[in-house]
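What follows is a set of notes on a single structure, which appears directly below.
This one's a predicted model, so the numbers in the text were calculated from it and none came from an experiment.
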Amino acid sequence: MSEKIFSRASGKDAKANEFIMANVDYAMAHDGTSVLAVRSFKKMGLEKVWDPKRIVIPFDHLTPANTETTAALHHDIREWIAEQGIPNFFDVGEGICHQVLPENGFAMPGKLVVGADSHSCTYGAFGAFGTGVGATDMSEIFAAGKLWFKVPETIKVTARGKLGKHVLAKDVTLKTIGTVGAAGATYKAAEFYGDTITDLSISGRMTLCNMAIEMGGKAGIVPPDKKTFDFLEGRAVEDYEPVYADEDAEYCAEYDIDAANLEPQVARPHQVDNVCDVMEVASTKVDQVFIGTCTNGRLEDLEVAAEILKGEKVAVRTLVIPASRSVMIEAIRNGTAETLLEAGATLGTPGCGPCLGGHMGVIGEGEVCISTANRNFRGRMGTGGQIYLASPATAAASALTGEITDPRTV
């Protein structure tokens, strides 16, 4: 699939390990990376971007502004956006970049969507080649609408079987990363197949592709199907043409995941591939529970948490941050937000929250957080803290007991 997408984007027959110059369909930079990208853009002496309509800038990482410095940077980027006439600007409270782009139809099958953020691989959930680049690379895209790429080799991951109760897409994702390893897919694309993947909702597929980077992947891609097309109906900002791997496509490696017998998974500090069954770390005391992020802040994630917490009270501080304004609105409309608040959870402004350790819920020295985010690196959410990664079901169950808990037991 990657070779076909890059062939279209480059206008030549692109093969794995070749270097090509590709035309980018849509480019994204958020409040954290647009600052550097714009700075480089100006240093090159450029005045106008290549196509304002193909640039998307959401503010999500440090929103609302947490310091005067952040507020000043936000102000400068807002001015530049206005100068450039960029219509696709999503200000404070609209949500996380990787949720906002798909919701607004920028992630489409067969497209090359590049973001100045490593988790831009999320867009592969829609059959796109989504990948992250550095801020200075993004300035080149802003200028010319194209960038060089090395066409990646591809690994094939096949997950089979029906998931059990309170075993979610996040558990499949963590199991896959634990199997492949943190560097097992370095500069490779991962294609996901099997009835488990087909059965996943769009939100579940986004969770899966979001964390492809955590095994080194350049991209994670789910072949588009009716669920994809239904989601994009009325959203897609332009026409698109799906691509699929040939029947005889060659892969550099193949992995099989037994999803039918999968138990809830947890990634222990301080590596994402340090994965185990939840019972291996059950009873570990936690100080904070965080449900949200571009990995698991969607409506179905909040609904799973609410189902577990309904009529109960959390035992530790529990922070819930919806991935976007639309997610928050739906959670309010259907009673999910009310259930979470009644259980004692704190509801935050749509955005990244404490995920990157910058804002709204950073943990202190020696504290333990079980999080639905995508990274548990040392110092990620606060110097000296420990992060366990898990699904919204496992996180919610742990919020009830104050220790890591198998969600199937509550």
Side-chain angles (χ1 to χ4, degrees), residues 56 58-60 63-64 88-107 122-123 125-126 165-166 168-170 199-208 210 226-237 289-314 317-355 359-361 371-373 391-397 399-400 407 410:
V56 186
F59 278 10
D60 59 358
T63 59
N88 302 311
F89 170 49
F90 300 89
D91 210 333
V92 174
E94 291 303 318
I96 307 172
C97 54
H98 308 309
Q99 181 70 15
V100 167
L101 261 73
E103 281 184 355
N104 288 275
F106 295 105
T122 307
Y123 314 137
F126 303 90
K165 182 175 175 60
H166 290 325
L168 309 178
K170 181 63 163 289
D199 289 345
L200 290 180
S201 64
I202 289 296
S203 293
R205 295 175 187 185
M206 289 174 70
T207 297
L208 183 69
N210 174 269
K226 187 177 184 301
K227 288 181 182 177
T228 316
F229 308 140
D230 287 348
F231 180 88
L232 289 170
E233 183 70 32
R235 292 181 198 263
V237 294
V289 174
F290 174 36
I291 299 171
T293 77
C294 58
T295 312
N296 280 124
R298 285 171 275 281
L299 182 63
E300 73 175 37
D301 302 316
L302 274 55
E303 289 175 335
V304 166
E307 177 190 343
I308 291 172
L309 295 176
K310 187 174 180 63
E312 305 289 345
K313 289 292 184 181
V314 298
R317 64 182 189 267
T318 301
L319 181 61
V320 179
I321 300 183
S324 71
R325 183 184 298 275
S326 64
V327 169
M328 184 177 234
I329 289 171
E330 286 305 313
I332 292 170
R333 282 176 177 162
N334 71 11
T336 296
E338 183 178 5
T339 298
L340 294 169
L341 289 168
E342 287 180 341
T346 297
L347 203 60
T349 304
C352 298
C355 176
H359 201 18
M360 295 200 308
S371 167
T372 65
S391 75
T394 301
L400 278 182
V410 300

Specify the closest pair of heavy atoms between [X] and [Y], including all atoms of both residues, with the distance to one decimal.
X	Y	answer
Gly95	Pro58	O-CB, 4.5 Å
Met328	Gly348	CE-O, 3.4 Å
Pro322	Val327	CB-CG1, 3.9 Å
Cys355	Phe290	N-CE2, 4.0 Å
Met360	Leu319	O-CD2, 3.1 Å
Thr349	Gly93	CG2-CA, 4.0 Å

Donor-acceptor pair, side chain of [X] and main chain of [Y], under 3.5 angstrom:
X	Y	answer
Thr207	Thr295	yes
Lys313	Glu342	yes
Lys165	Pro407	no

Do [X] and [Y] touch side chain to side chain, with heavy atoms closer than 4.5 Å?
X	Y	value
Thr228	Arg205	yes
Gln99	Met206	yes
Ile321	Thr293	no
Leu168	Glu300	no

Which residues pass the salt bridge (charged side-chain N to carboxylate O under 4.0 Å, His left out) test with Glu94, sequence neighbours left out?
Arg325

Measuring from atom [atom1] of [X] to atom [atom2] of [Y], what distance do you get when rounded to the nearest 0.5 angstrom?
X	Y	atom1	atom2	answer
Thr318	Leu347	OG1	CG	12.0 Å
Phe59	Ile96	CZ	CD1	15.5 Å
Thr339	Leu309	OG1	CG	9.0 Å

Which of Thr394, Asn296, Val304 passes side chain to side chain contact (heavy atoms under 4.5 Å, CB included) with Thr372? Answer is Asn296

Of Leu302, Asp301, Val289, which meets side chain to side chain contact (heavy atoms under 4.5 Å, CB included) against Val320?
Leu302

Could you go step by step and tell me if Ser324 and Ser326 meet the side chain to side chain donor-acceptor pair (under 3.5 Å) rule?
CA-CA 5 Å; Ser324 71; Ser326 64; 3.0 Å; yes

All pairs passing side-chain hydrogen bond (donor to acceptor under 3.5 Å, both in side chains) where residues 302-311 contributes a residue, at least two apart:
Glu303-Asn334

Residues that Phe231 engages under ring pair (Phe, Tyr, Trp, His ring centres under 6.0 Å), provided they are two or more places apart:
Phe126

Intermediate values then yes/no, side-chain contact (heavy atoms from CB on, under 4.5 Å), Phe106 and Val100
CA-CA 9 Å; Phe106 295 105; Val100 167; over 6 Å; no

